[in-house]
Amino acid sequence: VGLWNSMISGCVLNRRGEQALELFKGMKKEGVEANLSTFASVFSACASLGVLENGKQVHTQACKEGVVNDMIVASILIDMYSKCGSLGDACKFFSELQNYDTILLNSMITVYSNCGRIEEARCIFDTMPSRSLISWNSMIVGYSHNGFFLEALELFSEMRRQGCRIDNVSLASIMSTCASSCSLRLGEQIFALAIGIGLESDQIISTSLMNLYCKCGDVMEGRRVFNEMEKFDEVPWNAILMGYAINGYGTEVLQLFEDMRSTGVSLNETTFIGVLSGCGHCGMVEEGRKWFYAMKDIYHIEPTIEHYSCVIDLFARAGCLEEAMVLIDKMPFEAD
RNA sequence: GCAGCUAGCGGAUA
């Protein structure tokens, strides 16, 4: 068992989830009994792959082994359902549990927030025996993502009043709250706090600052931050791209997108949302059509409903109604 | 001193 477990958890650590599941199958074929660690790794693999059905099957097996009573396995399971977008299953499983620890309850704060059940998230937060930094951060993010900006800010103040440790995640989250609510001055004050604890060059703080400027309409200032910051991943690129897009700078969107491709920055769904919405704001039909198809054909990124929405909107506004209708029919989702 | 939880970018909309 030990050898199998090491191999499986090794795969998970190296993001080879598929391999981990293969190994798990092989292990069963050989008649080796899975234990706690095995299930823990397998659920993590399912979580990172987002394979719900697989995860459910293994969950059933784990129940027979009685393994789901383990706190860590239980948290991973909740996290797995959460990452697979199956929030109902997460809630159901949670309701069957008897014992909870801080980490498990933190996961549930996130689950409830992600289903919009913010009151229940807050209830867990209020009644949990002890709260970690992540509990506070999760609750703040929950409020923010659900549009409860004042509540997020209030909780952040409470955090400071109580003298809790504040980290880059806390600050970036609250700066994002400020950006969403166009609170430029407040956002800058939060950034000042970040400087005070030595986080002025922190990547996620810089990204948040840039986003703050962009959302508040000052793309030039956003660009200045972008130019000066260190960029370890594609997120800052997407943020400035989106900044250009929402402010109607179409040529800058295409230029930046070209820079991304020539620099070898990885492109993701968000990148294409930026590109397509930029084309939309500026009526660039040809470019929009081209990139919509290219994202699938060349970059192998499946268009989501957001992408369809951008491009359908683009066609409709440009007067290409038939093309828009055809696309609506071809959409693999329900129109919302 | 490593099994589990949070983060920054994410469509259109009077």
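Convention: sequence-line order gives letters A, B, ...; per-chain numbering from 1.
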Subject >> Distance-only donor-acceptor check, side chains A:S107 and A:D79, under 3.5 Å >> reply: no
Subject >> Side-chain N or O of A:N211 closer than 4.0 Å to phosphate OP1/OP2 of B:G8 >> reply: no
Subject >> Phosphate contact (B:G11 OP1 or OP2) by A:R317 side-chain N/O below 4.0 Å >> reply: no
Original post:
With ring centroids as reference points, do A:W136 and A:F156 lie under 6.0 angstrom apart?
Top reply: no
**OP:** State, with a plain yes or no, whether a side-chain heavy atom of A:M80 is found less than 4.5 Å away from one of A:V58.
**Re:** no
Original post:
So which of residues 179-210 of chain A are in contact with RNA chain B, with a heavy-atom cut-off of under 4.0 Å?
Top reply: A:Q203, A:I204, A:T207, A:S208
Subject >> Nucleotide nearest A:H145 when distance is taken to its side chain, options B:A3, B:U6, B:G8 >> reply: B:G8
**OP:** Would you jot down, in residue-number order, the residues of residues 44-73 of chain A having a non-hydrogen atom under 4.0 Å from RNA chain B?
**Re:** A:M71, A:I72
Original post:
Under the side chain to side chain donor-acceptor pair (under 3.5 Å) test, which residues partner A:E323, sequence neighbours left out?
Top reply: A:R289
Original post:
In terms of ring plane angle, is the pair A:W291 and A:F272 parallel, tilted or perpendicular, where the classes change at 30° and 60°?
Top reply: tilted
Original post:
Among residues 227-247 of chain A, which contact RNA chain B at a heavy-atom distance under 4.0 Å?
Top reply: A:D233, A:V235, A:N238, A:A239, A:M242
Subject >> Those residues of residues 297-310 of chain A lying under 4.0 Å from RNA chain B by at least one heavy atom >> reply: A:E306, A:S309, A:C310
Original post:
Rounding to a whole Å, what distance do you find between A:Y81:OH and B:C5:C1'?
Top reply: 18 Å
Original post:
Taking RNA chain B as the partner, which of residues 267-290 of chain A come within under 4.0 angstrom of it by heavy atom?
Top reply: A:T270, A:I273, A:S277, A:H281
Original post:
Can you check whether A:Y143 and A:F149 have ring centres sitting under 6.0 Å from each other?
Top reply: no
**OP:** With salt bridge (Lys or Arg N to Asp or Glu O under 4.0 Å) as the test, would you mind laying out the steps for A:E154 and A:R161 before giving the verdict?
**Re:** CA-CA 10 Å; A:E154 170 53 36; A:R161 268 197 296 277; 3.1 Å; yes
Original post:
How is A:S173 classified with respect to the nucleic acid when contacts are heavy atoms under 4.0 Å: base, sugar-phosphate, or nothing?
Top reply: sugar-phosphate
Original post:
Would you say B:C9 has OP1 or OP2 under 4.0 Å from some side-chain N or O of A:S176?
Top reply: yes
Original post:
Is the A:F93-A:H59 ring centre distance short of 6.0 angstrom?
Top reply: yes
